[in-house]
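Read through the structure below, which is laid out as structure tokens, and then see the notes.
Position 1 is the first residue of the sequence; numbering continues from there.
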Amino acid sequence: MDKFVIRGGNPLLGTIKVSGAKNSALPCMAAAILTEEEVILENIPQVQDIETERKLLTSMGAEVELGYGRAQHRTSIRCALLSDPVAKYEIVKTMRASSLVLGPLVARTGMARVAMPGGCAIGGRPIDLHIKGLEAMGAKITQEHGYLEARADRLKGAHIVFDKITVTGTEDLLMAAALADGESLFENCAREPEVTDLAALLNAMGAQIEGAGTSTIRIKGVAKLHGARHRINPDRIEAGTFLIAGAITGGDLNVDCCNPEHLGAVISKLEECGVKLEIGADNIRVHSGGNLKAADVTTEEYPGFPTDMQAQFMALLTQAEGTSVVTENIFENRFMHVSELNRMGANISVSGRTATIRGGAKLQSAAVMCSDLRASAALVLAALVADGESILDRVYHMDRGYERLEEKLRGVGAQIRRMGEVFGKK
Ligand code: EPZ
């Protein structure tokens, strides 16, 4: 298993580019199931989860071409014939977002068989709201041998009020409603930019969706959707991770090809900590304004502070003067990074969904274990300021959602390598 070796202490300087958003690309690739025509997606990140989605769609009979060379961030998908509308456990167990094919499959073919996603490091993460919504649209859903089977001659429009705000739940049912018979009204929807991005693609495919990005969405179902070309949003979580990399190393970093509008809560929290930011149209320059100040963070649904930035921000707060309190409201078990950060000399205590960070810690290098995608990013950030050389194990977690992370960071002065590569002397 690959490891990262990181020598801390270098301020990051220069320009670092943000890739397309993994959490937009996955639902947009699943949306191609809704038409037999070609869907072309641009700005697709080259990360492991995209490769898994390609395998998933191909296993059902789709033709998926991931670009290379100059077209390396373009993907062409054609689901002319879905010979085997089954999302197999072997694939689903590696990526929960596979359940995003449930709605599109039953809407397009009248039948879907999807392995139930098991537990996850950060929480139980049930998909009961996906199921409840599809049943409200008339699907008959049974569960057998770890698989969900959904059947419907044609889904019907429905009025759905989500019991809880769910990102992929909103996306899954949006795709189902696009081909349903009649009008749907969704309330208490997720407002994440990834939902808006998916709706933009679906409307380009001929859907009639209004209100995406707000908590109330109206969908007029249509009989057929056609092909389209769509550019995926930049990854706001990757951009946020780089902003913290610039701030925590005391560097001067230009985070380029991002959308600052999607980072409102992260930007204001960084400024509260005393970080200097210059906001451009599609870039943000971050340069630390001297000592970092403590701040309290509470994760919320968008436009609140994103749970996918919680771990990275905690790494920053270990370097701030004073005590900060971080409250995780979205997932019940998203503090796996705490014990690893404490192994590096941080001073963090956890009680239920609250972590208390006593800042000003001088971090030391250590061998640490990555546990999930964002926790891993927090360990990279901590290692960038730690004294000495840290070894991060199981970096495959990071490869799922960060494109060529070590190359990008090395490009702005970080001393990071994937185990096995020659390491340049200081
Ligand atoms: C999406 O997951 C993202 N994944 C996650 O990013 C992100 O953390 C999460 O939204 C919250 O922002 C993708 O977009 C692929 P939810 P999702 O449904 O949709 C509960 C990353 O790091 N819930 O909004 O699975 C659930 O347990 C990943 O890139 C139900 O109870 O999250 C959670 O507590 C990690 N029943 C809450 O709702 C349901 O049917 C929010 O989950 C669905 C969700």
Atom pair CG (Asp282) and CD (Glu261), whose distance is rounded to the nearest 0.5 Å: 11.0 Å

Main-chain N/O of Gly221 paired to Asp181 side chain as donor or acceptor, under 3.5 Å: no

Here the gap from Ile237 atom CD1 to Asp308 atom CG, rounded to the nearest 0.5 Å, amounts to 4.5 Å

Salt-bridge test for Glu149 and Arg151: reply yes if a basic N is under 4.0 Å from a carboxylate O, no otherwise. yes

Residue pairs passing the ring pair (Phe, Tyr, Trp, His ring centres under 6.0 Å) test where at least one lies in residues 140-168, sequence neighbours excluded: Phe162-Phe186

Residues His262, Glu192; criterion side-chain hydrogen bond (donor to acceptor under 3.5 Å, both in side chains); working and verdict: CA-CA 9 Å; His262 294 165; Glu192 271 67 3; over 6 Å; no

How about Gln143 and Met116: do any of their side-chain heavy atoms sit closer than 4.5 Å? yes

Heavy atoms of other groups near Glu278 CD, more than 12 under 6.0 Å: yes

What are the two closest heavy atoms between Ala346 and Leu363, and how far apart are they? N-CD2, 3.6 Å

Without swapping roles, check the side chain of Ser59 against the backbone of Leu56 for a donor-acceptor pair under 3.5 Å. yes

The test is side-chain hydrogen bond (donor to acceptor under 3.5 Å, both in side chains); show your working for Asn254 and Asn283 and say whether it passes. CA-CA 7 Å; Asn254 176 31; Asn283 77 309; 2.7 Å; yes

Could you walk me through whether Val255 and Val18 pass the side-chain contact (heavy atoms from CB on, under 4.5 Å) check? CA-CA 7 Å; Val255 178; Val18 173; 3.6 Å; yes

Step by step, would you call His130 with Asp172 a side-chain hydrogen bond (donor to acceptor under 3.5 Å, both in side chains)? CA-CA 7 Å; His130 300 230; Asp172 197 11; 3.0 Å; yes

Within this structure, what is the OG1-CD distance for the pair Thr216 and Glu210, rounded to the nearest 0.5 Å? 12.0 Å

Is the shortest side-chain heavy-atom distance between Met95 and Leu26 below 4.5 Å? yes

Write down the atom of His230, the atom of Cys28, and the distance for their closest heavy-atom approach. CD2-SG, 4.3 Å

List the atom pairs, with distances to 0.1 Å, where a side-chain N or O of residues 76-86 and a protein N or O form a donor-acceptor pair under 3.5 Å, not counting sequence neighbours.
unit_1: Ser76; atom_1: OG; unit_2: Glu38; atom_2: OE2; d: 2.6
unit_1: Asp84; atom_1: OD2; unit_2: Lys88; atom_2: NZ; d: 3.0

Less than 4.5 Å apart, side chain to side chain, heavy atoms only: is that true for Leu185 and Glu187? yes

Between Glu406 and Arg417, does a salt bridge (charged side-chain N to carboxylate O under 4.0 Å, His left out) hold up when you go through it step by step? CA-CA 6 Å; Glu406 76 271 26; Arg417 72 184 166 93; over 6 Å; no

Donor-acceptor contact below 3.5 Å, side chain Arg108 vs main chain Ile33: yes

State, yes or no, whether a side-chain contact exists between Ser349 and Ile357 at a heavy-atom distance under 4.5 Å. no

Pair Ile16, Leu409 - check side-chain contact (heavy atoms from CB on, under 4.5 Å), show working. CA-CA 8 Å; Ile16 193 164; Leu409 288 174; 4.1 Å; yes

Please determine whether a side-chain nitrogen of the Lys or Arg among Glu194 and Arg236 lies less than 4.0 Å from a carboxylate oxygen of the Asp or Glu. yes

Going by side chain to side chain donor-acceptor pair (under 3.5 Å), Thr299 matches just one of Arg353, Arg334, Glu328. Which one? Glu328

Salt bridge or not for Asp2 and Arg418, using N-O below 4.0 Å? yes

Between Asp252 and Arg285, does any side-chain N to carboxylate O distance fall below 4.0 Å? yes

For residues 365-377, the side-chain hydrogen bond (donor to acceptor under 3.5 Å, both in side chains) pairs (sequence neighbours left out) are Arg374-Tyr402

pair Leu174-Ile209: side-chain heavy atoms closer than 4.5 Å: yes

Any Lys/Arg nitrogen of Glu51 or Arg54 sitting under 4.0 Å from an Asp/Glu carboxylate oxygen of the other? yes

Could you tell me whether Glu135 and Lys132 have a side-chain N and a carboxylate O separated by less than 4.0 Å? no

Using a 3.5 Å distance criterion without hydrogens, assess whether the side chain of Thr249 forms a donor-acceptor pair with backbone atoms of Leu12. yes

Would you find a donor on one side and an acceptor on the other, under 3.5 Å apart, between the side chain of Glu37 and the backbone of Gly227? yes

For the pair Asp399 (side chain) and Gln48 (backbone), establish whether a donor and an acceptor sit closer than 3.5 Å, ignoring hydrogens and angles. no

Are Leu270 and Val286 close enough that some pair of their side-chain heavy atoms sits under 4.5 Å apart? no

Heavy-atom pair of closest approach, residues Thr168 and Leu100: O-CD2, 3.7 Å

Nearest 0.5 Å, please: how far is CE in Met314 from CE in Met309? 12.0 Å

Quick check against the 3.5 Å criterion: does Glu403 have a side-chain atom that pairs as donor or acceptor with the backbone of Pro45? no

Step by step, would you call Arg74 with Glu65 a salt bridge (charged side-chain N to carboxylate O under 4.0 Å, His left out)? CA-CA 8 Å; Arg74 183 181 304 144; Glu65 267 172 48; over 6 Å; no

Could you check whether atom CZ of Arg218 has more than 12 heavy atoms from other residues, nucleotides or ligands sitting under 6.0 Å from it? no

So that I can tick it off, tell me whether Lys408 and Glu238 are bridged by a salt bridge, with the cut-off set at under 4.0 angstrom between side-chain N and carboxylate O. yes

Treating Asn43 as the side-chain partner and Ile232 as the backbone partner, does any N or O pair qualify as donor plus acceptor under 3.5 Å? yes

Does a side-chain heavy-atom distance below 4.5 Å link Lys269 with Val266? no

Any chance you could lay out the side-chain contact (heavy atoms from CB on, under 4.5 Å) test for Val368 and Ile391, step after step, and finish with the verdict? CA-CA 6 Å; Val368 289; Ile391 298 179; over 6 Å; no

Run Val275 and Glu271 through side-chain contact (heavy atoms from CB on, under 4.5 Å) and show every step you take. CA-CA 5 Å; Val275 176; Glu271 288 174 337; 6.0 Å; no

Given 3.5 Å as the limit, does a donor-acceptor pair link the side chain of Thr354 with the main chain of Val350, or not? no

Which value, rounded to the nearest 0.5 Å, describes the distance between Leu384 atom CG and Arg7 atom CZ? 13.0 Å

Would you call Val297 and Gln310 a side-chain contact if the rule is heavy atoms closer than 4.5 Å? no

Here the pair of heavy atoms bringing Pro27 nearest to Met175 is O-SD, 3.8 Å

Please check: side-chain N/O of Asp197 versus main-chain N/O of Asn233, any donor-acceptor pairing under 3.5 Å? yes

Can you see which heavy atom on Asn10 is nearest to which on Gly413, and at what distance? ND2-O, 2.9 Å

Heavy-atom pair of closest approach, residues Met205 and Ala31: CE-O, 3.5 Å

SG/Cys370 to CZ/Arg400 distance, rounded to the nearest 0.5 angstrom? 13.0 Å

